[in-house]
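Because the structure is predicted, anything quoted here is derived from the model rather than measured.
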Amino acid sequence: MDGFLDETCGGVTELRVHGVSGTPPAGTLGHPHPRLVAGDGTTGFYRRWQETGQPSGDHPDVPGVRHREAYAWGNLTSGGRAIALWLLLLPFSLANLSYFMLPRPARGVRLRHLTEAAQRLFGLLLTGTLVGAVTRAAVDLVGWQCTAAGRACTYDTAPGWVRWLGVLWGGEPSKRLAVTALVPLLVVVLLWWIARRTWLRDERTVPPRVAEHDGVLLARPRLWHGAAPVWRLRVVHVAFSVASIAVAVSAPFAGTAAGLALTVANAGVMLAAAVLAALPSIARRLDPHTGERTPAWLTVACHVLRVGAPVAFLATVGAAFMGLPAEVAGTQAWWLPGVGIGAFQYTVTVALGMIILVGAAGLARMERGEERRALHGLAAWVVLMVAAGSANVMALGLLFWTASFFGVPAHPADPAPVGGKLYLDEPVWWTAALVPLLLAGLVAVAVVLWLIRRADARRLAPELKPYYLERDDARVVARQWALAALTDRAGLVLGVLTGIGVAGSAAVTGIYLLGLFTPGGGLAGLLASVGSWAMVAAVVALVLVGRRTYRDTRLRRTVGILWDICTFWPRAIHPLSPPCYTERVVPELMTRVGRLAPAAGDQVVLSGHSQGSVITAALVLQLDPAQRARVRLLTHGSPLRRLYTAFFPAYFGDAGLNAVRERVAWCNLYRLSDPIGGPAFRRVDPLAGGQRHEVDHFCWDPLRPAQGEPLPETRWHSGYWLDPSYDAALNRLITVKPAA
């Protein structure tokens, strides 16, 4: 066979792990001809195929001596077309992120368990928000209102695929509701199918046995093994969703014995799901190698719920299709009684938000560490509020779009005649009125960040003048470094927008409860109208991006950046979110390290860029002590200290990073032009005194030009593998002994 491919193990192996956006193996290896040597098309280990034959000497691919290998995991988050559907699941991913942001002081176990239970219930209500939006759009706006006799969907101009409902059953609402309830059911089935498929692929991977591990959270094998708890949570969320759809069908007929019995049965399923979600054992992860087992009664309860929810739904839809008497005296034409549960859900959501806020504040106060905490330890609550906000924007955008497509969105106070109007209740309009305020807040934050960047650039320029000979060069570099530094203001952006949203929600809730005025006219009406169109535009844009993502491989890779960050963490509280790739990646890397370094004299240098540095740091703490003795760590463009310590201090705080440093020899490269990466422990660049550090090493970017030469191109967050400092750090790690 022409050419040569080194597939041997042993010796020294530089194992490169790429960062976000699914960098292809050719880019990671810096070679046009990568070949798969282990793994499959989804994740795999690649080496360079040498067209000229077997190399020798100091070449990185000498059999049994030295190897360069790349691990490609990007297809887990940007390879499949299903990623287009993941865009709709962003609130669920943010809910999972919030769980791992929660402080975990040693003496706050009970308070933490209470807060975590509230987080799981909040996640359950996020599912209810999105499924409820589809239910309201299909069952309320179309099934109850639009297809009723004389309403918009019975006109000759209405689409034929909904007009037949009004023609056949214009005076029989239960049959219309039974048919339209199939739309949200299909959405739930789709969510279940996607979650189950990724669960079978990733979360059932069992990590190799580790001889011992300490109390560091990242060192616990159970962290990356969520097969059983994710299954239980999925049962709970699906049952809750299915029952909520059935309630919308049966509640309008609760004045009859059959309607009341069905409503109580479905509400009972929802209550049972909520009770199970609040139990600590529902999401508890167990070490797969210790023989620990989940209580048998919990598994039985999940199976009962798994069967009970579809049975109650089928009974409800069957009874509705057979015809339930429409005893809904006093009900206005626009009001579907079953959807009134949304007001109760909103009240519970607010209460849970307050519990989580108080719990997170209490846990942060107990911790009182010296580490920098994003948003003073309240990041978990803030991100959960962002999740709720994004879920509501999607939900209300769908409602306004549906009302606009089939008729005219109307306020309950709008005068008769009803005609083609499709009514949305007052809280929906009040929520829409908040959107322009949030957009104004976003503009204000952007202006503040621009002013901060300009001030920082002016301060940096004189300091850089001695290093960059040309005056304009110093100014250019100062602006670049000041722009990269804005990442440290991420907490400011989240905090301001969350504050505006929470304060606005409290204000409009008070106005609504006190009945001061309605959003049907005046300034409030104008804001509500603008907000409604803004949310419709957001939903349409989301659909268009999703459609293009389905077809465009390059766009899938770009959108995948979001999931590379969000889905590093397991599905701890929301099982319908995009899957955690780390539950597959970490076990695979553990197994590969063992094969690459089978003997005491072998070495593996784990080279992680960006998100790859987070993966390799977590991997180091999962390795057996004998394996760690053969491992070195080289990180570059790493967000470990800059983002992960700030937002996930319980896992990547001083305890976690110090544990990594104590266990392996570690070198971290960083630039001040990098908006993502930074030092893992302490700045050692010239502007910070230029002191040496055992882990952190500063890299100039752009490189300082010689006299009369132009300023080199800035590499920002990429190209660390091409930096001269990289080869120097790699050679230094190969010759040193492990840290412990």
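- Taking a 6.0 Å sphere around CZ of Arg104, one finds it holds more than 12 heavy atoms contributed by other residues, nucleotides or ligands.
- Taking the six-membered ring for Trp, Trp569 and Phe648 have ring centres closer than 6.0 Å.
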Candidate pair Asp723 and Leu669, rule side chain to side chain contact (heavy atoms under 4.5 Å, CB included), full reasoning: CA-CA 10 Å; Asp723 198 296; Leu669 307 178; 5.9 Å; no
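- A donor-acceptor pair is defined here as one N or O able to donate and one able to accept, closer than 3.5 Å; no such pair exists between the side chain of Ser93 and the backbone of Ser577.
- Here the side chains of Tyr720 and Arg671 are in contact, with some heavy-atom distance below 4.5 Å.
- Ring planes of Tyr726 and His636: perpendicular class, angle over 60° (limits at 30 and 60°).
- Between the side chains of Tyr581 and Thr43, no donor-acceptor pair of N or O atoms lies under 3.5 Å.
- For Asp696 (side chain) and Arg683 (main-chain N/O), no donor-acceptor pair under 3.5 Å exists by modelled atom type.
- In this structure, Arg571 fails the cation-pi test against Phe92, since its NZ or CZ atom is not both closer than 6.0 Å to the six-membered ring centre and inside 45 degrees of the ring normal.
- Salt bridge Glu14/Arg16: present, at least one basic N to carboxylate O contact under 4.0 Å.
- Trp666 has its side chain out of reach of Val620: every pair of non-hydrogen atoms, C-beta onward, lies at least 4.5 Å apart.
- With Thr645 contributing its side chain and Phe652 its backbone, the two residues share a donor-acceptor pair below 3.5 Å.
- Contact between Leu621 and Gly656 at its shortest, heavy atoms only, is CD1-O, 4.1 Å.
- At distances below 3.5 Å, at least one donor-acceptor pair connects side-chain atoms of Tyr670 with backbone N or O atoms of Val684.
- Summarising the geometry of Pro649 relative to Met101, their closest heavy-atom pair is CD-O, 4.4 Å, with the distance given to 0.1 Å.
- For the ring pair (Phe, Tyr, Trp, His ring centres under 6.0 Å) criterion with Phe100, the lone passing option out of Tyr651, Tyr644, Phe647 is Tyr651.
- Ring centers of His18 and His609: at least 6.0 Å apart, outside the cut-off.
- Although no hydrogens or angles enter the test, the distance criterion places no donor-acceptor pair under 3.5 Å between the side chain of Thr498 and the main chain of Gly495.
- One N or O on the side chain of Gln119 and one on the backbone of Ser98 form a donor-acceptor pair closer than 3.5 Å.
- Partners of Arg453 according to the salt bridge (Lys or Arg N to Asp or Glu O under 4.0 Å) rule, which considers only residues two or more places apart in sequence or in another chain, do not exist here.
- Atoms CD1 and OH, from Ile615 and Tyr71 in turn, are 7.5 Å apart once rounded to the nearest 0.5 Å.
- Listed for the Asp456 side chain is no donor-acceptor partner under 3.5 Å among the backbone atoms of Leu483.
- Under a 3.5 Å cut-off, the side chain of Tyr468 and the backbone N or O of Pro702 do form a donor-acceptor pair.
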From CA spacing to verdict: side chain to side chain contact (heavy atoms under 4.5 Å, CB included), Trp721, Leu29: CA-CA 9 Å; Trp721 284 308; Leu29 289 172; over 6 Å; no
In a table with atom names and distances, give each donor-acceptor pair under 3.5 Å that connects a side chain of residues 381-399 to protein atoms at least two apart or in another chain.
from: Trp381; atom 1: NE1; to: Gly353; atom 2: O; distance (Å): 3.1
from: Ser390; atom 1: OG; to: Val386; atom 2: O; distance (Å): 3.1
from: Ser390; atom 1: OG; to: Ala387; atom 2: O; distance (Å): 2.9
from: Asn392; atom 1: ND2; to: Ala388; atom 2: O; distance (Å): 2.8

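- Under a 3.5 Å cut-off, the side chain of Arg642 and the backbone N or O of Gly677 do form a donor-acceptor pair.
- Side-chain atoms of Arg632 do not come within 3.5 Å of backbone N or O of Val664 as any donor-acceptor pair.
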